[in-house]
Student: 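Here it is, the structure, as structure tokens.
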Amino acid sequence: MAPSPTTSSELSRESVSKIYRLPLMELVFQAAGVHRNNHPTNSIQCSTLLSIKTGSCAEDCSYCSQSARNDSGLDPERLMDNESVVAAAKAAKAKGSDRFCMGAAWRGIKDNDDFERVLEMVSSVKDLGLETCLTAGMLEPHQADKLRDAGLDYYNHNLDTSPEYYDQVVTTRTYEDRLETLASVRVAGIKVCCGGILGMGESEDDRIGLIHELARQTPPPESVPINALVPIPGTPLAENPPLPWDQMVRAVATARILMPKSDIRLSAGRSSMTEEGQALCFLAGANSVFMGDKLLTTPNATETEDAALFRKLGLEPIAEPTPQGVPV
Ligand code: SAM
Ligand code: DTB
Ligand code: SF4
């Protein structure tokens, strides 16, 4: 059986590596057991993403369409108005999402009028009966407090990769900066959504290092998005070879074993996966997805494809879809 450390902070990287490198069938079998013991097996948590402020970002994240340093051809857009955000959130709820995630292409939050407007968006989305999530870069403790008071349930801030590989991917902020933001989110009492991206040219050891950093947080993040790189023309990672499917399954299964209570989200990159590959990830403990035809700036698996896949697998979204026109 997989070794079980006394507390997550005592987890060694070696023990994560042993789990990650189990024979695949054994790994999936163990992960499926942990999943069944901790979560309803036939239900799936569905989040919808909306880019509320797009592009012209000062950071140099080499995977991202939104960095001003990458020539991705994306049209930048200023912060959306509250009414349009609420309309998108209502539509997401009507289609069966239980959580609405707003993304802003900022290096970090500033104490300005735009932040006040984001607070209003959080409250308005919360009032629709949806869980709220925001990803807007680095933040300070007082800003996390304001977000909590506005009704924010989750803050997404990813570690992206292992500490050693991080500076190959981003140079304009450090791993330590990321951990500090996560600490502010945690102290404010907001749930932490934190994961990473696979397929950026990192080694298997780096993938193990990422999962180690996630799982040794005390407590571990409540929500763990595992993204496969969406290669974007004009970014330094545009020509990266696709992630082998078994690496995604291994990452999901290892995360499930080490973070039994967390939601493990099969995130960006699903549209390049086969139905069978996704099914194996759900069996290995993924219990959450981004739903809807678009992620932030790139296409997602379509609603039609997801509906067909969920039907085949007998997976039920947590939330009942509310037909359009019914008051929410
Ligand atoms: N600017 C904020 C930040 O970086 O924290 C929030 C938005 S950013 C787009 C949110 C996360 O999306 C990133 O941390 C990264 O993990 C993920 N992401 C961005 N571009 C991606 C891509 N091309 N493929 C996979 N994941 C990506
Ligand atoms: C996360 O881990 N994945 C989401 C969300 N958090 C914000 C973003 C995926 C972005 C994929 C590329 C794009 O659409 O721009
Ligand atoms: Fe900016 Fe976030 Fe994209 Fe990095 S990942 S360039 S911080 S929007």
Side-chain angles (χ1 to χ4, degrees), residues 47-77 79 99-110 118 132-139 154-161 165-166 169-175 177-182 185 192-202 210 214 221 223-240 242-243 248 251 255 263-273 286 288-301:
S47 297
T48 292
L49 278 167
L50 177 69
S51 183
I52 57 171
K53 186 268 165 187
T54 306
S56 303
C57 183
E59 300 288 281
D60 71 352
C61 311
S62 54
Y63 46 78
C64 189
S65 60
Q66 306 199 64
S67 165
R69 320 217 186 169
N70 294 336
D71 195 8
S72 66
L74 186 75
D75 280 335
E77 282 169 39
L79 188 65
R99 191 176 308 160
F100 193 68
C101 305
M102 294 160 272
W106 286 331
R107 169 177 164 77
I109 292 179
K110 294 187 181 141
V118 168
T132 52
C133 178
L134 177 71
T135 181
M138 294 184 275
L139 56 62
Y154 290 82
Y155 195 80
N156 167 244
H157 201 61
N158 290 341
L159 290 176
D160 281 352
T161 188
Y165 197 65
Y166 189 77
V169 178
V170 183
T171 69
T172 48
R173 55 172 146 59
T174 64
Y175 219 71
D177 290 333
R178 296 242 119 189
L179 291 167
E180 265 176 38
T181 289
L182 291 168
V185 172
V192 171
C193 174
C194 181
I197 310 177
L198 312 182
M200 299 192 293
E202 76 286 342
L210 167 67
L214 294 169
S223 165
V224 181
I226 303 189
N227 299 276
L229 175 74
V230 179
I232 301 193
T235 65
L237 302 183
E239 302 300 331
N240 263 42
L243 181 76
M248 187 54 124
D263 284 335
I264 308 292
R265 182 172 311 121
L266 192 54
S267 302
R270 271 197 315 120
S271 59
S272 310
M273 293 177 74
S288 165
V289 289
F290 287 120
M291 172 189 251
D293 292 352
K294 202 171 172 196
L295 293 165
L296 287 175
T297 67
T298 63
N300 191 19

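Start at 1 and go down the list; that is how both ligands and their atoms are numbered.
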Student: Does an N or O anywhere in A268 fall below 3.5 Å from an N or O of ligand 2?
Tutor: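 No.
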
Student: Among T235, N70, D160, find the residue that satisfies the side chain to side chain donor-acceptor pair (under 3.5 Å) test when tested with Y63.
Tutor: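 One option only clears the test, and that one is D160.
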
Student: Heavy atoms only: which of T298, N300, V224 lies closest to atom 12 (C) of ligand 2?
Tutor: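 Closest candidate by heavy-atom distance is T298.
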
Student: As an exercise, identify every atom of ligand 1 less than 4.0 angstrom from a heavy atom of I232.
Tutor: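 Per the distance check, 23 (N).
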
Student: How about T172 and D60: does a side-chain donor come under 3.5 Å of a side-chain acceptor?
Tutor: yes

Student: With heavy atoms under 4.0 Å as the rule, classify the contact between S267 and ligand 2 as side chain, backbone, both or neither.
Tutor: neither

Student: Among protein heavy atoms, which sits nearest to atom 5 (O) of ligand 1, and what does the distance come to when rounded to 0.1 Å?
Tutor: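 Protein heavy atom with the smallest distance to atom 5 (O) of ligand 1: R178 NH2, 3.0 Å.
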
Student: Around atom 6 (N) of ligand 2, find the nearest protein heavy atom and jot down its residue, atom name and distance.
Tutor: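 Looking only at protein heavy atoms, the one closest to atom 6 (N) of ligand 2 is N156 OD1, 3.1 Å.
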
Student: Among all protein heavy atoms in this structure, tell me which lies nearest to atom 3 (N) of ligand 2, with the distance rounded to 0.1 Å.
Tutor: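 Nearest neighbour among protein heavy atoms for atom 3 (N) of ligand 2, to 0.1 Å: N227 OD1, 3.0 Å.
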
Student: Can you tell me which residue and heavy atom of the protein come closest to atom 2 (Fe) of ligand 3, and the distance to 0.1 Å?
Tutor: R173 NH2, 4.4 Å

Student: Any N or O of A136 that comes nearer than 3.5 Å to an N or O of ligand 1?
Tutor: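 A136 vs ligand 1: no N/O contact under 3.5 Å.
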
Student: Can you list the atoms of ligand 1 that are under 4.0 Å from a heavy atom of A104?
Tutor: 1 (N), 2 (C), 6 (C)

Student: Please write down residue, atom name and distance for the protein heavy atom closest to atom 15 (O) of ligand 2.
Tutor: T297 OG1, 2.6 Å

Student: Tell me the closest heavy-atom pair linking V230 and G269, and the distance in Å.
Tutor: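 Looking at all heavy atoms of both residues, the closest pair is CG2-N, 3.9 Å.
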
Student: Quick check on atom 4 (Fe) of ligand 3: does C61 put an N/O/S atom closer than 2.8 Å to it?
Tutor: yes

Student: Return the residue, atom name and 0.1 Å-rounded distance of the protein heavy atom closest to atom 2 (C) of ligand 1.
Tutor: G137 N, 3.5 Å

Student: Return the closest protein heavy atom for atom 24 (N) of ligand 1 as residue, atom name and distance.
Tutor: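 Of the protein heavy atoms, V230 N, 3.0 Å lies nearest.
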
Student: Taking the minimum heavy-atom distance to atom 10 (C) of ligand 2, which of L134, L296, N158, T54 ranks first?
Tutor: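 Selected option, by shortest heavy-atom distance: L296.
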
Student: May I ask you to list the atoms of ligand 2 that are less than 4.0 angstrom from any heavy atom of T135?
Tutor: 7 (C)

Student: Are any of the heavy atoms in M200 under 4.0 Å away from ligand 1?
Tutor: no

Student: For atom 11 (C) of ligand 1, what is the closest protein heavy atom, and at what distance to 0.1 Å?
Tutor: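 Among all protein heavy atoms, the one nearest atom 11 (C) of ligand 1 is N158 ND2, 3.8 Å.
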
Student: Considering only the protein, which heavy-atom contact is closest to atom 14 (O) of ligand 1, and what is its distance?
Tutor: D160 OD1, 3.3 Å

Student: Has ligand 1 got any nitrogen or oxygen that is less than 3.5 angstrom from a nitrogen or oxygen of Q66?
Tutor: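 Not met; the criterion fails.
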
Student: Backbone, side chain, both or neither: what part of C64 comes under 4.0 angstrom of ligand 3, heavy atoms only?
Tutor: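 The answer is the side chain.
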
Student: Could you establish whether Y63 and ligand 2 come within less than 4.0 Å of each other, counting only heavy atoms on the residue side?
Tutor: no

Student: Indicate, as side chain, backbone, both or neither, the part of M138 found under 4.0 angstrom from ligand 3 when only non-hydrogen atoms are considered.
Tutor: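 Neither; nothing of M138 gets under 4.0 Å from ligand 3.
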
Student: What is the nearest protein non-hydrogen atom to atom 1 (N) of ligand 1, stated with its residue, atom name and distance?
Tutor: W106 O, 3.2 Å

Student: Return the residue, atom name and 0.1 Å-rounded distance of the protein heavy atom closest to atom 17 (C) of ligand 1.
Tutor: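 Looking at atom 17 (C) of ligand 1, the protein heavy atom closest to it is I197 CD1, 4.1 Å.
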
Student: Give me the residue, atom name and distance of the protein heavy atom closest to atom 21 (C) of ligand 1.
Tutor: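 Protein heavy atom with the smallest distance to atom 21 (C) of ligand 1: Y63 CD1, 3.7 Å.
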
Student: Distance below 4.0 Å between atom 8 (S) of ligand 1 and any protein heavy atom?
Tutor: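 Given the 4.0 Å cut-off, atom 8 (S) of ligand 1 does not count as touching protein heavy atoms.
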
Student: For ligand 2, does I232 get within less than 4.0 Å through its side chain, its backbone, both, or neither, judged by non-hydrogen atoms?
Tutor: neither

